[in-house]
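One structure is given here, and the rest of the page talks about it.
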Amino acid sequence: MAQVTRRGAILGSVAAAGAAGLGAIGLLAANRTAEAQASRRTLIERRESQYNTIYVVRQGTVVTMMFGVNEQLFSESAYDTADPGRLVFQYTQMMMAGLAYPSQPRMILEIGLGGGRMASYIRDEMSDASITCVELDPAVIELAREHFALREDSRLRVVQGDGRIHLDRNRDTYDMIKLDAYRGTFVPFHLTTREFYQLCRRRLRTGGCVTQNIAPDTLLYDAAIATMKEVFANVDEYWTGSSLGTSSVIAVAYDGPRKTAQQLASAAQALQTRYSFRHALPDIVARRREQPLPTGGRVLTDDFAPVESLRAIERNNARRQ
Amino acid sequence: MTRNRSILLLALGFFIGIAVMGLQMAMSRPLTPYFGSDIFVWSSLISTTMLSMMVGYYLGGRLADRYPNSVFLGVCVLIAAAYIAIVPWALQYEFLPDPDPFFEGLKRSVLSTIGSETPSLPLGAILASNLMMFIPFTLLSFFSPFCIRLLLADAEHGGRIAGSVYSITTFGNIIGVLGTSLGLMAVLGSQHIIWIMAGILALCGVGLILLRGKANVDA
C-alpha cells in the first residue's frame, strides 16, 4: 500500500498532524521549518483500526492517506481531487511498468489497497481489464471509499483479508500480481518469503509477472531481491530517482528469457496505443535499469525471515554506486 | 526428598517454564503463512496453552497422588519432548517442493491443507494450534501438581511450596517469552527454535528420571 517517505517528509507530516491537534505524536520540535508548511494542511480524519492509526490529510487539492507507526507518519496513498486520473506518487506511476510484461494484461491482483488509486487507474484506463484488491484493514477500505473515490464494480473488486491467505485459498490466476503491503516500513514476514513468491508464481498465468514496491533503505531490500531471484528467472528493477538513497524501487519478477529493451518498448507502445494511458507506458518501461542487481542478500523463508532485524539495519547506499 | 534435590526439582521447573512459552512464541511463525498474522492466531495459541493447562493441572494432580515420584513425571516430559521434536515438523512437511499447479493438491503440508480447506480461518488456527501443542503442553502441565506433591512435607508449609512452584515456573515463562521473541527469533529459524526447546525438555525429562525424587509424605 505504501510509499515510504524520506525522513524529512516524515517529520513534515508529523508537524502537519501536530497542527491538527495531534502534537502528542511528539516529533514536532524536531523540524521547525515544517511548521509553516503545516498550516496549509488539514486533517480530515483520524481512525484507529485494529492494524493501524490512519490519518487522512488534505493539502490543497491533494488528499493523502498516512499511517502512524512508531511516532512517524508514512504516506500510503494520494489522490488529487482536481485531477482524479493522475497518479500523484511517482512510484505508483512506475508500478504500471509490470503491465508491459504479460502478453495481455487482463486479470490483475493487488495486495495492499491504500487509497486504491492504482486500482482505480487500471480500471479506468483499461476498459477490458479486471483488478481484485486484497486489503487486510477494513478501515483502510472504508477510508478509500470515503476520501479516495474508490468505487467498486464488476472490474474492480475489493476483498478484505490477508493477501497470502487469499492467494492460498483461491485458485484464480492472474497476469500481474502487484505487491504493496506496507505498514510504514513494516512488511508482514509471510509476504516476504520464498514460499510466498512460489505461491504467487503458481497463481500467475503464462507470461505473468509480480510487480513489487520495495523500500531500498535497509537490508530488507537486498533480501527481497535475493528471494525473488531464487523463485523467478528474472527480476527487473525500476528506480524512481537517480540514486538508491533517493529512490523507491519497483521490482518486476517473471519467468522465461529476460525481456530485451526492444521487446518491452514495443509491448508498452502497443498497450499505449490501445489504452492511451495518462502516464505513458513506453516512458515508464524505458527507465528499466540495466545494471546488475545487488548480490549477497539473504533468501527469506517461512522458517526464518527476520524482517524486523533486517529492517533495523540501514543499508550502505555507497555499496552499489 | 533432600533439600538439594528439591532445589534441583524447582530448577527443572524453571527450564520447563522457559520451553513452554518459548514454544508458544515460535509456533506463531509456522501458523502465519496459512492463517495470517491476525489477532486470532495469537488467541488460538494462547487458548490452546490454557486448555492444555486446564486439562494438565487436573489430570496431573490426580496422577501425582497416584504416582508420587519424579520418574513418572520425567517420562511424561520426555514424551512431550519427542512429540514437539517430531509433530510440528511433520505437519509442515511439504510432499513436493514446488510443483505444477496441477499437482498442488498433492504437495500440501498438513498445516497448509488445514489453512486452505477449513471453512473458517480462526477455527483452522485453533485446530492447528491444538494439533501442534495440546498433547505435549498437557503433559508439561503435570509438572506443577507433581512438584507440589513431591515437595510437600506438612500442611503448615503447603502454601509456600505451592507458591514457590508457581513462581519459579512463571519466571521461566517470562524468560521464555522474552528470550525467544527478542533473542532467538532474530537469529534462528522457527524450526530450530522448536528443536532447541524440545532438547531442553528432553534434558529436563532425563533430569527428573535421574532425580528419582519421592514424595516427602506418604498418603
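Naming: A, B, ... by sequence-line order, numbering from 1 per chain. Reckoned from all heavy atoms, side chains included, excluding hydrogens, waters and symmetry mates.
Under a 3.5 Å cut-off, the side chain of A:Arg169 and the backbone N or O of B:Tyr34 do not form any donor-acceptor pair. For the pair B:Arg29 (side chain) and A:Ala305 (backbone), a donor-acceptor distance under 3.5 Å is present.
When the shell of 6.0 Å around CZ of B:Phe15 is examined, it contains 12 or fewer heavy atoms from other residues, nucleotides or ligands. Atom CZ of A:Arg157 has 12 or fewer neighbouring heavy atoms from other residues, nucleotides or ligands inside a 6.0 Å radius. Open room surrounds CZ on B:Arg66; 12 or fewer heavy atoms of other groups in view lie less than 6.0 Å from it. Within a 6.0 Å sphere centred on CZ of A:Arg298, other residues, nucleotides and ligands contribute 12 heavy atoms or fewer.
For the pair A:Asp162/B:Asp38, no side-chain contact is recorded, criterion being any heavy-atom separation below 4.5 Å from C-beta on.
Atom OG of B:Ser37 is separated from atom CG of A:Leu136 by 6.0 Å, given to the nearest 0.5 angstrom.
Taking all atoms of both residues into account, the shortest heavy-atom contact from B:Gly36 to A:Ile165 is N-CD1, 3.3 Å. Taking both residues in full, the closest heavy atoms of B:Ala186 and A:Pro306 are given as O-CB, 3.8 Å, listed atom of the first, atom of the second, then distance.
No other option in B:Ile193, B:Ile39, B:Leu188 has as many heavy-atom pairs under 4.5 Å with chain A as B:Leu188.
Evaluated for a side-chain contact (heavy atoms from CB on, under 4.5 Å) with B:Gln191, the options A:Thr301, A:Asp303, A:Asp302 yield exactly one hit, A:Asp303.
Neither the backbone nor the side chain of A:Phe196 comes within less than 4.5 Å of any heavy atom of chain B. Using a 4.5 Å cut-off between heavy atoms, A:Glu195 makes no contact with chain B at all. Both the backbone and the side chain of B:Pro33 come within less than 4.5 Å of a heavy atom of chain A.
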